[in-house]
Every structure is written in C-alpha cells, then in structure tokens.
Chemist: 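Once you've had a glance at the structure underneath, I'll fire off some questions.
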4 protein chains.
Amino acid sequence: MNTRKDSGGATTTPVRRRGATKRAASSGSASERRDHLVKLAAELFARKGFQATTVREIAEEAGILSGSLYHHFDSKETIVDEVLSTFLHDIVGRYRAVLEQGGEPRTILSEMVRIGFGTLEPHRAAITVMQNDWNYLRSLPGGRFDYLVKAEDEVERMWVEQIKRGQAVGQFRPDVDPKLTYRMIRDTIWVTVRWFRPGGRLDTAALAEHYVAVLFDGLATGERTTQRA
Amino acid sequence: MNTRKDSGGATTTPVRRRGATKRAASSGSASERRDHLVKLAAELFARKGFQATTVREIAEEAGILSGSLYHHFDSKETIVDEVLSTFLHDIVGRYRAVLEQGGEPRTILSEMVRIGFGTLEPHRAAITVMQNDWNYLRSLPGGRFDYLVKAEDEVERMWVEQIKRGQAVGQFRPDVDPKLTYRMIRDTIWVTVRWFRPGGRLDTAALAEHYVAVLFDGLATGERTTQRA
Amino acid sequence: MNTRKDSGGATTTPVRRRGATKRAASSGSASERRDHLVKLAAELFARKGFQATTVREIAEEAGILSGSLYHHFDSKETIVDEVLSTFLHDIVGRYRAVLEQGGEPRTILSEMVRIGFGTLEPHRAAITVMQNDWNYLRSLPGGRFDYLVKAEDEVERMWVEQIKRGQAVGQFRPDVDPKLTYRMIRDTIWVTVRWFRPGGRLDTAALAEHYVAVLFDGLATGERTTQRA
Amino acid sequence: MNTRKDSGGATTTPVRRRGATKRAASSGSASERRDHLVKLAAELFARKGFQATTVREIAEEAGILSGSLYHHFDSKETIVDEVLSTFLHDIVGRYRAVLEQGGEPRTILSEMVRIGFGTLEPHRAAITVMQNDWNYLRSLPGGRFDYLVKAEDEVERMWVEQIKRGQAVGQFRPDVDPKLTYRMIRDTIWVTVRWFRPGGRLDTAALAEHYVAVLFDGLATGERTTQRA
DNA sequence: TATGAATGAGAATTCATTCAT
DNA sequence: AATGAATGAATTCTCATTCAT
C-alpha cells in the first residue's frame, strides 16, 4: 500500500539507501524538495519533540499548507522515518569503513569516538530526535521503527568487538565490562547533543579529543590506582 | 490558577519541600492517596512519555475516572511537576550532605558519582521523564518549570567546584575542561536509566564502581599517554 | 482495547445481546441516552448513507458537540455496528421463534415473509443502511463487520431448509432452486424499504399478504402453465 | 460550469444520446479513451461505492495521475453521470423496442423481465452503482441527477401499463396492485446484481426463466388458493 | 471524593480540484 | 495529454478540562 510516496526502504532493510530511488540523473527538484522538507521537519522535531511538532508547523515552515505535505509524505511518521534512517545509514557506513581499514583496537576505538562526535553537527537534529523520541517511536504499533533497534544492535556489535580485542591484546584494562563500557561511551557522545551548540568555545573535534583523553587515561593524575577485578 | 490543589512550591523555590505544605501531622490518607497517584503517573510518564500519557490512562491505572483526578491535581502538569520536584529535592539534598561533610576532591567526586547511580533505582521514573521530556516541559509557557534549570545550575556548580579543586591540588589532570567534564559525567550517569533494569547482572553500586574506575584511571593500560595541553 | 465504551459484542458473537451489559436494574438514563443517540444516527445513516453522514451531523442532531459523541462511542463505526447488530439480533430471534413452533413449510414460510415485512417499520433505518452500505462496511479492514455475513448465513440456512422441506412434501414446485428462491424473496422484501413510507395506502401487513399471494400462487390466472424441469 | 468537457446531455434530457455529441465520425482515440476511463471508474464505483472511490484510484487504475483525469472529465460526478446515463439510455431503448412490437401483456411482461435480467451482465457495474449510490447521488445539490428519477418514472409507466392491461384482459389476477407489483418485480431483478456472478451455476437467461416461472405461476403446487380481494 | 456527560480547541489526514509547465 | 505540486475545506478522532450531581 505504501507505494511511491513512502520511499523509506527503512521498513525492510535496517539502513535505507537513499537517492537511488529517483529516476537516474535525479534532475534534482523532486528529490531536493523532499529532502528540504525533511530537513525543516527534523529541526522542528529536534526543537519541540516529535509529538509536540504539528504537521501544520512543518508545513508553515515550508511555506505551504499542511495538506500539501501529504503530496510528499504519507504521514508524519514517514517524515521522521526519513530523518532517522538517513542518519543511521550515514553513521553505520562510517563505522563500517573504519573497521574495514583495520588497525589496533585503541586506534580504531579512538576513530569511532571521533566519528561519533563528528556526526554531532551534521546530524544534530536526527540525534536529538533519537534521544528524545526513541521510546515513543519504538512503541508505535506496526513495527515501523524496528529497524532502529536492528541498526543499534549492529553498531553495538562493532564497538563491543573492538573493546574485547583491546582487552585480549592488553591495550584495555581487563576488568571492565565491554558491553557496559560501550553503552557508556555511546551515551556520553550522543547525549552531548543536548547542550552542544556549534560556534561555542569547543568544536566537536576538540570535544572528541577531550573525551578520548579522559576515556583512555582517566581523570586522575599519577599512577592508576583503582583495583582491577 | 494555582489554587490550593496545586501544592507545588516548586514554582517559587528551586526545590520544593514537600509534606510541610500539608496541614500539619495529617499524614493521613489524603496525602498518601496523592503520593500514590503521583507514583502511578510517573511510571506511565516514564514508559510512554509525558505527552503520550493521557490523563485517562493515569486515572484508569488508579481505578478511577479521569475527571476524578482533578480532585487531587490542578492539571496534568501539576502531576509531572510533583514527580520532578520530588526527585530534585532528594538529589540536591544528598549532594549538599556530601559537600557539607567535606574531604578530598577525588573522594567527594567518587561519592557524588555513587549518589548519582544511587538515585537510578528509587527515581528511575523521574529521571527518565527528565531525560525525555525536559525539552518539552521547558518550552511550556508560563515558566512553570524554570526551577528545573535553577536546580540543574546549582548541581552544576557543586560538581564543577570539586573538579576545579581537584585540579588545583593536582589530583585531576589540568588539561580537561571542568564544565565539560561535569556534563559528560552527569550525562553518562543519567542516561544509564535508558537501559538499566534492576535485577540484572550488575546493580547500581557495581555500575558506580565500574564507572569510577574508568573515570579516574581510564580504559587504557600502562602509562598514561595522552598529551596534556 | 475496546473496553466499556464499545459494548458491541457484535465483534465476537454473530448477534449482540444488548441491555444485559449495563449494571443490573439499568436505571435507564445511561443506556437510554446511548440508545437515543444510536437511533438518531441510524436515521441519518439511512437518509444520507453511512459515509456521507458526518459525525458532526449526528452530534448536532443530538444537540451536542461532535467530540462529545466519543464519550459514548469509540468511533462512527461503533455506532453503525450497534444499529445493525440490534436489528440482526431482533430478526434472527424472530425467525428462530417461528421455526421452534414448527408447522407446515408453507405456513412457516408465510410467517417468515410476514416477519420480514414486519421489520420494515421498526427497523427501517437499519435495513436501509444494510442495503446501501453493506458493501462498504464489509470492505472495512479489521473484520469488524464479519458478523453481518455470519448472521446472513444463518438466516439463509433457515429459509432454504423450509423451502427444501416444502419441496420434499410436495407443497412447493420441485423445479425451483431453493437458494435462488430464498435470495429473491429476501431481496424483494428488504428492498421495499427504498420506497415504503409508513402512513401510505398500504401498511406492511398488507404488503406481506400481497406478496405471499403472488409468491405462492403467481401473478397469472387459470391453470399453471410454466414447465417444471 | 458545464463546459465542453462535460458531454452529459443527461442534464437536459431524461436519457442521454451519446456519440451524437462527438464531432461527427471521429470514432477516434479521444472518445475511446474516455469510454475506457468510464468503464474503469464504473468498476471501481461498483466495487467500493461512489464516495469511497477516490479520483486517485480511478487514475491509478488507468495508469495516469489524478490531475490528468480532469482533461477528460469535469469532475468525479461527470464520470458517474456518464456511467448511469449510458445504462439508462440502453435499457429504456430496449423497453421501448419491446413495447413497439406489441403483443399480449403476459408475453410483453415476460420479455421485459428477460430484458431486465439481460442487462445484468453488460451493465453490472452501472446497476450496482444505481442500487448503492442512488440515494446519495439524488441528494446532491444542483439537481444534476434528476434525470435518474425521470427515467425511472418512464420505466414505471411502461411496466404498470402492461400489468393493468393484463388484468383488464384477465391474464393477471385482479387483486394485486399494479404499481406495487411492478416495484417488487423491478427490485427483485436489479437487486440480483448484489450476488450474481457470471460463470456461476446459472446464467442470467436461466435466472430470468426461473423468475418468470415463479412470478406467473407461484411457488406453490396444485390449485391456487390465496383469496382474491 | 467520585461520577459521567459534555466541552472546545486542536490533531492528523483525506481528497476533489486547479494550474503552471 | 499528462505531470506533479499545491490548495482548502472537510473529516474523524483526541484529550485536558469542567461541572452538576
């Protein structure tokens, strides 16, 4: 039933492949208009939350009437779907690229942290929506957003594997729980979106280096003193 | 608009002191009933989000009709107000107590981390609501939830002060940004609420020790290698 | 999910048992109000069709706002459900009663024809809705109106059985198709609702006698001449 | 409002004479395309009802976009107008032809019954629409479908006249009401469209003979026993 | 305290139709 | 002939809230 309008392959594959949908050279306007609308909506979703953002507001932001939005999207959900799946596609792709290159666990992990912080600016809105509306979207009937969980699982596997490798080769302390550590790292990065504003004292690269430093070497000075189980 | 029903001193003072409002020693059913309702509501808010939770659902959970809820609360906002202010009152109190005791920065900071993780279970619902609905509640007109920001500021001052003291006495590396570091610690703790479930492999105390270890000594083994600005 | 509001057992049993739902003595007002609203809606559905009747119109007819209708009914569908199931319950009950009494096929069939015409006045609206909106309602997703088909099947079995018995004992001509004959009788009766208006030259009883005469003895005079297969 | 696009003479004369409107011998693609679209629409109208069928669905069925339909038709109403008037034109023509040939009332009436059943297959969609959406279409403002009533009246006059003639010459029992009898015959035939499916056990010719038999000689065997007023 | 009927202001969505290209 | 973006009015439904009983 969801034909052309809902291009979101998101429902069937964990991560959408966008762009390929449109006919050939994609003269632009058609797809561009849609992308523009998605971007506007993402900003609103991030600022006010998915539920608190009305379709009318999105339309107004775009200078059209609310009904007209339905020429481009099946539903409000389709829009947020596009916001999130675009983001997930991008980040999963980046993680995969780093892993394919190979290298020491510590190097790879540093790189993954940098990637995480690196998405903060281009995908600020999407990340915010994910943080705030994840629970609600997951609870929606129809399993439309199940792919969120799938993508998250894949990402978790990537991180956990590197942490375990690091422990195996003696680069990381053996007494920490890999999964738990991953979660804390992930959260610390994503949650930054709540207060990070571009143009401030620190950019995301600085944030990343700051975090990498504390993450690997800790806040304390001198000898490491905490006991290792 | 704020009649007797809305006991929330929250509007006037950063952190509400509950109970004192009620008519003296009337520990009676009235107040208890109210607290019970708040607890039920908090669970629903946490599970479904503040907006997605309807007044009817709260009432149903309590076995009454939605109209009857208005004998206890002025509005839906009053309920969430009570959920959040109760939590804030508790945690700010605990932080104050630790600070009043005094001690080394590193000890105090460890203790504050433990307090943070320690609120995860008793205040799981409130923390979840804060994480997910903070943005929305803040945006509500009337400034009703301004006290959230005030309380957060006070807490930030407490943490940052200890980090700075630690740097001053050489316990903490001098190259990290105190405010930034505070935020990352805070977020890492709170955000745990998203996936932490009591009864799992680790309890909140173990979580705290795990985090304290990584926070102070880092994930890496051997000599500390990151450069200090 | 459909709790108190949607009392329609229709979904689970072919024919609803109304009235029993309400608590004991059913002081009236609650159930009466609901019934009144159903009646108003039925009239509108009959006059304008289910789809063309707006919820607002129903509410206006009742002197309330459209939103208030949802205090009584889950949805527009629930209302029409109640209209139809009430009717089906009544007529199936009547048919069963006649069959339980027993008698000659011809006598029973005459009685069933009379019952059919007898429902024309009290259930005019419901029958009209069934005629006009049957197709649409059946096509609705969720199978909510599957009971319509079930009830129709039961009624068909009753009629066909009597026609077959009549043929077996030689009261009815053997060359007619029982099922086909039933359908034509049924349609002839129901479709009357399109033009029958109470208070006209003939009442439904007269209509019934008229039809019984033609049905059994035919329009022609003299010897029966059509060939019998 | 009625521009060139709306060829429906239906509005002015009881029964439209199609084809004549078109520019002479232009049997060409223009008119054919239009007829094709009408046929597609008729099927949808029949299956889902006029209101429930969206313009978009009709267009999709034809492989074009909804806006493109408006190159062929003024409005959705124009389409259904064409569906119905084509049908009415055909059947009224056939009735007239039989009457012009003359003959005994019983013979003519049999023939008219056969004509009725004979339209069931070629005009299945149109008849279905008439059955189901008659009420709604009649209620539309502007009197666009008044010709439906006019055509029906003409048909009624034809039938009633034959029944009366039959009674006058003693072929039909004198105690039945001609108008009432006509209506029942008419309804019985048309309503068949609800369940008749081509390719089943009986074709429409068999249906007609079956009905003629029961109509004239009745369902009962032996002597005619119903009393004649 | 509780009920339950009603309010009223929106919410998302639908859809026939228009029109520049 | 056809496209596709947009309109605008209407539709069903939601829900916090009120209030007489």
Side-chain angles (χ1 to χ4, degrees), chain A residues 4-5 29-30 33-34 37 50-59 62-79, chain B residues 1 5 29-30 33-34 37 50-59 62-79, chain C residues 4-5 29-30 33-34 37 50-59 62-79, chain D residues 1 5 29-30 33-34 37 50-59 62-79:
Chain A
R4 267 156 290 161
K5 233 193 297 180
S29 65
R33 181 90 177 111
R34 187 184 167 95
L37 293 172
F50 175 71
Q51 297 171 81
T53 303
T54 70
V55 170
R56 236 200 290 261
E57 282 168 334
I58 301 172
I64 57 178
L65 290 181
S66 71
S68 307
L69 264 187
Y70 288 80
H71 180 63
H72 302 279
F73 306 97
D74 263 7
S75 66
K76 198 178 155 188
E77 283 179 26
T78 300
I79 306 181
Chain B
M1 270 289 138
K5 246 187 289 174
S29 58
R33 181 96 175 106
R34 186 184 168 94
L37 293 172
F50 175 70
Q51 295 169 83
T53 303
T54 69
V55 170
R56 231 200 290 256
E57 283 168 334
I58 301 172
I64 57 179
L65 289 181
S66 72
S68 308
L69 262 188
Y70 287 81
H71 281 283
H72 302 278
F73 307 97
D74 257 11
S75 67
K76 196 180 160 189
E77 283 178 25
T78 301
I79 306 180
Chain C
R4 267 156 290 161
K5 234 193 297 181
S29 65
R33 181 89 178 114
R34 187 184 167 95
L37 293 171
F50 175 71
Q51 296 170 81
T53 302
T54 70
V55 170
R56 237 199 291 262
E57 283 168 334
I58 301 173
I64 57 178
L65 290 181
S66 72
S68 307
L69 263 187
Y70 288 82
H71 179 63
H72 302 277
F73 307 97
D74 264 5
S75 66
K76 199 179 155 187
E77 283 179 27
T78 300
I79 306 181
Chain D
M1 269 287 140
K5 244 184 292 175
S29 57
R33 180 95 175 108
R34 186 185 168 93
L37 293 172
F50 175 71
Q51 296 170 81
T53 302
T54 69
V55 171
R56 231 200 289 257
E57 281 168 335
I58 301 172
I64 58 178
L65 289 181
S66 71
S68 308
L69 263 188
Y70 287 81
H71 280 283
H72 303 277
F73 307 96
D74 257 11
S75 67
K76 197 179 159 189
E77 283 178 25
T78 300
I79 306 180

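Side chains included, hydrogens not; waters and symmetry mates left out as well; all remaining heavy atoms used. Residue numbering restarts at 1 for every chain, and letters A, B, ... go by the order of the sequence lines.
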Chemist: What distance separates C:Tyr70 OH from C:Phe73 CZ, expressed to the nearest 0.5 Å?
Modeler: 11.0 Å
Chemist: Taking for each residue the nucleotide of DNA chain F with the nearest heavy atom, is it C:Thr53 or B:Val55 whose nucleotide lies nearer the 5' end?
Modeler: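 Looking at DNA chain F, the more 5' nearest nucleotide goes with C:Thr53.
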Chemist: Closest approach of D:Thr53 and D:Lys76, non-hydrogen atoms and distance?
Modeler: O-NZ, 2.8 Å
Chemist: Of all residues at least two apart in sequence or in a different chain, which pass the side chain to side chain donor-acceptor pair (under 3.5 Å) check with C:Ser66?
Modeler: none
Chemist: With respect to the side chain of C:Thr54, which nucleotide from E:dA12, F:dT11, F:dC15 is positioned closest?
Modeler: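 Nucleotide nearest to C:Thr54's side chain: F:dT11.
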Chemist: Which whole-number value in Å describes the distance from B:Asp74 CG to F:dT17 P?
Modeler: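 Distance, rounded to whole Å: 9 Å.
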Chemist: For DNA chain F, please output the secondary structure as dot-bracket, reading 5' to 3'. Pairs are Watson-Crick or G-U wobble, both atom distances under 3.5 Å; mark crossing pairs with [ ], other-strand partners with |, unpaired with a dot.
Modeler: .||||||||||||||||||||
Chemist: Got a second to check how far B:Arg33's CZ is from B:His71's NE2, nearest 0.5 Å?
Modeler: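 With rounding to 0.5 Å, CZ (B:Arg33) is 11.5 Å from NE2 (B:His71).
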Chemist: From B:Ile79 CD1 over to B:Glu77 CD, what is the distance, rounded to the nearest 0.5 angstrom?
Modeler: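 Output value for this atom pair is 10.5 Å.
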Chemist: Check every atom of E:dA16, E:dA12, F:dC13 against the side chain of A:Lys76 and return the nucleotide holding the closest atom.
Modeler: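 Given the options E:dA16, E:dA12, F:dC13, the side chain of A:Lys76 is closest to E:dA12.
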Chemist: In whole angstrom, give the distance that lies between atom CD of D:Gln51 and atom P of E:dC15.
Modeler: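 Between P of E:dC15 and CD of D:Gln51: 12 Å.
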Chemist: Test side chain to side chain contact (heavy atoms under 4.5 Å, CB included) on A:Leu69 and A:Leu37; report intermediate values, then the result.
Modeler: CA-CA 9 Å; A:Leu69 264 187; A:Leu37 293 172; 4.2 Å; yes
Chemist: Please report the closest heavy-atom contact between B:His72 and B:Arg34, naming both atoms and the distance.
Modeler: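 Reported closest heavy-atom pair: O-NH1, 2.7 Å.
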Chemist: Please give me the minimum heavy-atom distance between B:Ala52 and A:Gln51, naming the atom from each residue.
Modeler: CB-OE1, 3.2 Å
Chemist: Any protein N or O atoms within reach of nucleotides 5-9 of chain E? Criterion: under 3.5 Å, listing atom names and distances.
Modeler:
{"from": "E:dA5", "atom 1": "OP2", "to": "C:His71", "atom 2": "NE2", "distance (Å)": "2.6"}
{"from": "E:dA5", "atom 1": "N7", "to": "C:His71", "atom 2": "NE2", "distance (Å)": "3.4"}
{"from": "E:dA6", "atom 1": "OP1", "to": "C:Arg33", "atom 2": "NE", "distance (Å)": "3.1"}
{"from": "E:dA6", "atom 1": "OP1", "to": "C:Arg33", "atom 2": "NH2", "distance (Å)": "3.0"}
{"from": "E:dA6", "atom 1": "OP2", "to": "C:His72", "atom 2": "NE2", "distance (Å)": "2.7"}
{"from": "E:dT7", "atom 1": "OP2", "to": "C:Leu65", "atom 2": "N", "distance (Å)": "2.9"}
{"from": "E:dT7", "atom 1": "OP2", "to": "C:Ser68", "atom 2": "OG", "distance (Å)": "2.9"}

Chemist: Please report, rounded to the nearest Å, how far the P atom of E:dA16 is from the OH atom of D:Tyr70.
Modeler: 6 Å
Chemist: Rounded to whole angstroms, how far apart are CD on C:Glu77 and P on F:dC13?
Modeler: 7 Å
Chemist: Between C:Glu57 (CD) and F:dA10 (C1'), how many Å, whole number?
Modeler: 11 Å
